[in-house]
Number of protein chains: 2
Amino acid sequence: MRAAQHTRAGARGTRPMAFTYEHPRPALAVDCVVFGLGERTLELLLVERDLEPFAGRWALPGGFVRVDESIDAAARRELLEEAGVSPDVLEQLRAFGDVGRDPRERVVSIAHWALVRGERHRPRAATDARAARWFPLDARPPLAFDHDAIVAAAVERLRVEVRWRPVGFDLLPEVFSLTELQRLYEMVLGRPLDKRNFRKKVLAMELLEDTGRLDEGVRHRPPRLYRFDRAAYERLSREGFAFRLE
Amino acid sequence: MRAAQHTRAGARGTRPMAFTYEHPRPALAVDCVVFGLGERTLELLLVERDLEPFAGRWALPGGFVRVDESIDAAARRELLEEAGVSPDVLEQLRAFGDVGRDPRERVVSIAHWALVRGERHRPRAATDARAARWFPLDARPPLAFDHDAIVAAAVERLRVEVRWRPVGFDLLPEVFSLTELQRLYEMVLGRPLDKRNFRKKVLAMELLEDTGRLDEGVRHRPPRLYRFDRAAYERLSREGFAFRLE
DNA sequence: GCAAAAGTGTTGAAGGTACACCCATGT
DNA sequence: ACATGGGTGTACCTTCAACACTTTTGC
């Protein structure tokens, strides 16, 4: 049956062409490192595996790429199926393809990283997963397969991205205080930032719109709430402006 | 036969496990964007395809990943087999996996970028290729498949890498003049650089060793020849130094 | 001596870092 | 009134960009 499928695919061109190659092929998967924002930690979305290998172990959400869907579509589908989330930002990280990384057989996984606004996404487990939940990034259990290495690479990538592209805003609620933004940067970069300098730089970019609203219901002076002005960002980008924060 | 192979692979674990998935799988390939340095241009290594589809068209060297080799090993093997080159730097770019990118069937390609020192590598054609040769990057023929998009992504990546990591030196001969280095940066970045400022910055990093030799046999004042001090770079990196040029 | 590229410093502007106190609110 | 985090400006230093002429060699 599988062989028959391949033969059909091989005959799809305008004239008969040989099947692309004769050898057994690696399986192709996607895995997603999904970041969210907790109270005072960066969080990571994990699923508890229901099947061997590594049944009962926590792992990155992911699965196999279908023959008729793009790689990114596969990543989004698996995230929705396995964990019930659909991120705003989802990009490729890189392929992980060591020969022994899956004990069943050769599986090459194209790792992705994604950001979701924590509040909107109550994860729910589904296909192949007993459970799905958030863990603080640095209080996560040891992961199945080579997923610890994938997470490490994704964290490194996030640290770079957040400084050069306005992706941090995709972790925050639509409206946020400058302190929340600064805390996000401190969590991601793993070091404290100077309050005055941080605010100066952020505001100097003129990408934050002051909503005029205050965050009441807090037991101290209520902070101003800002909104990231994506339209302004895209306009400025076209004019050669380069985002840079810390 | 192919199905039998898969079944064997599925039974390889410590206890019987189901085959990872039942569906037809995408084929997995690698493609390599290999940069070299010409007299006054950046050059790109291309192969002329011998087989359909796109027979007679120029394309990136590449091919299918074997089930028992890592992705990078596949890229190096294909480069050696198809074009007879073996680069010093070879890194993943990203996967290209649009459903229609190969007319035969679904093929996901993991693109790589690589740097070789031009002189050392006379390309020679082999497997599946009628010819292999260097083209000036911006005088290249239109490429097969989606390879033009892959090249564009690789150039963009190279532009970033060269500013933040000392990869440029892997395009130059072991010993080079500051003018050669500057010309390389100008080619990659696509803009002229100020001679005095460039030299000031390069030398301030203290990563170039003055060989004391001069490049004779040139019809003007002979330039000093420098060597990139990789050991010093690695020592400084461990101490937190960050390479940055332009 | 002429052509060709090598080599060399200074100045002004901008941006980065360090740093401490008062303010508005809830309890 | 006190606890909690919100909000603000300046001075110094480093870094970056702009800029032109003299030197050495081959022919």
Side-chain angles (χ1 to χ4, degrees), chain A residues 37-41 162-164 172-173 175-187 189-227 236 239-246, chain B residues 37 39-41 162-164 172-173 175-187 189-227 236 240-246:
Chain A
L37 200 56
E39 284 305 310
R40 48 184 53 80
T41 55
V162 90
R163 296 181 63 197
W164 296 95
L172 291 170
V175 141
F176 51 86
S177 70
L178 292 186
T179 302
E180 288 174 299
L181 182 62
Q182 179 175 344
R183 270 215 268 278
L184 163 60
Y185 270 77
E186 290 175 330
M187 284 177 209
L189 300 178
R191 60 185 156 89
L193 301 175
D194 180 276
K195 182 162 57 158
R196 280 180 288 192
N197 292 337
F198 182 81
R199 295 160 101 94
K200 215 184 309 173
K201 285 182 217 177
V202 177
L203 295 175
M205 286 192 290
E206 301 191 313
L207 292 175
L208 295 194
E209 179 194 351
D210 185 341
T211 62
R213 304 202 46 224
L214 301 180
D215 183 3
E216 315 285 354
V218 80
R219 69 177 161 299
H220 54 74
R221 173 172 176 177
R224 295 187 169 200
L225 292 173
Y226 293 85
R227 189 196 325 270
L236 289 170
E239 296 164 7
F241 160 86
F243 182 93
R244 171 76 208 283
L245 193 46
E246 277 312 309
Chain B
L37 200 55
E39 282 306 311
R40 49 185 52 80
T41 55
V162 90
R163 295 181 63 198
W164 296 95
L172 291 170
V175 141
F176 51 86
S177 70
L178 292 185
T179 301
E180 288 174 299
L181 181 63
Q182 179 174 344
R183 271 215 267 279
L184 163 59
Y185 271 76
E186 289 175 331
M187 285 177 208
L189 300 178
R191 60 184 156 89
L193 301 175
D194 180 276
K195 182 163 58 157
R196 280 179 288 192
N197 292 338
F198 183 81
R199 295 160 100 94
K200 216 183 308 173
K201 284 182 216 175
V202 177
L203 295 175
M205 286 192 289
E206 301 190 312
L207 291 175
L208 295 194
E209 179 194 351
D210 185 341
T211 63
R213 303 203 45 225
L214 301 181
D215 183 4
E216 315 285 355
V218 80
R219 69 179 161 300
H220 55 75
R221 173 171 175 178
R224 294 188 169 200
L225 293 173
Y226 293 84
R227 190 196 325 269
L236 289 170
F241 160 86
F243 183 93
R244 172 77 208 282
L245 191 48
E246 275 313 309

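By convention in this document, chain letters (A, B, ...) are assigned in the order of the sequence lines, proteins followed by strands, and residues within each chain are numbered from 1. Computed over heavy atoms, backbone and side chain alike; hydrogens, waters and symmetry mates excluded.
- Contact check for B/L208 versus B/F176: side-chain heavy atoms found under the 4.5 Å cut-off.
- Between A/F198 atom CZ and C/dA18 atom C1' the separation is 17 Å, expressed in whole Å.
- Spacing between atom CG of A/L203 and atom P of D/dG9 amounts to 12 Å, rounded to whole angstrom units.
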TODO: Classify every nucleotide of nucleotides 19-27 of chain C by which part a protein heavy atom approaches to under 4.0 Å, writing B for the base, S for the sugar-phosphate alone and - for neither, in 5'-to-3' order.
DONE: BB--BBBS-
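- Counting only heavy atoms from C-beta outward, the side chains of A/K201 and A/R244 never approach each other to under 4.5 Å.
- Distance CD (A/Q182) to P (D/dT8): 14 Å, rounded to an integer number of Å.
- More than 12 heavy atoms of other residues, nucleotides or ligands lie within 6.0 Å of CZ in A/R163, so this atom counts as buried by the packing criterion.
- Contact record, A/F198 with A/L178: CE2-O, 4.1 Å, taken as the closest heavy-atom pair.
- Look at CD on A/E180: it is 16 Å from C1' on D/dG7, rounded to the nearest Å.
- The pair A/E209-A/R227 counts as a salt bridge, with a side-chain nitrogen and a carboxylate oxygen less than 4.0 angstrom apart.
- Put simply, CZ on B/R213 is 17 Å from P on C/dA6, counting in whole angstrom units.
- B/R199 comes within 4.0 angstrom of a base, heavy atoms only.
- Side-chain N or O atoms of A/Q182 include none that pairs as donor or acceptor with a backbone N or O of A/R199 at under 3.5 Å.
- Across the helix from C/dG1-D/dC27 to C/dT27-D/dA1, the helix axis at one end is tilted relative to the axis at the other end by 0° (nearest 10 degrees, each axis from five pairs).
- Heavy atoms of other residues, nucleotides or ligands lying less than 6.0 angstrom from CZ of B/R40 number 12 at most.
- What separates CG of A/L225 from C1' of D/dG5 is a distance of 14 Å, to the nearest Å.
- Residue B/T179 is classed as a sugar-phosphate contact, given heavy-atom separations below 4.0 Å to backbone atoms only.
- Distance A/K201 NZ to D/dG9 P: 18 Å, rounded to the nearest Å.
- Side chain of A/Y185 to backbone of A/V162: a donor-acceptor contact under 3.5 angstrom is found.
- Nucleotide D/dG6 holds its C1' atom 17 Å from the CG atom of A/L193, rounded to whole Å.
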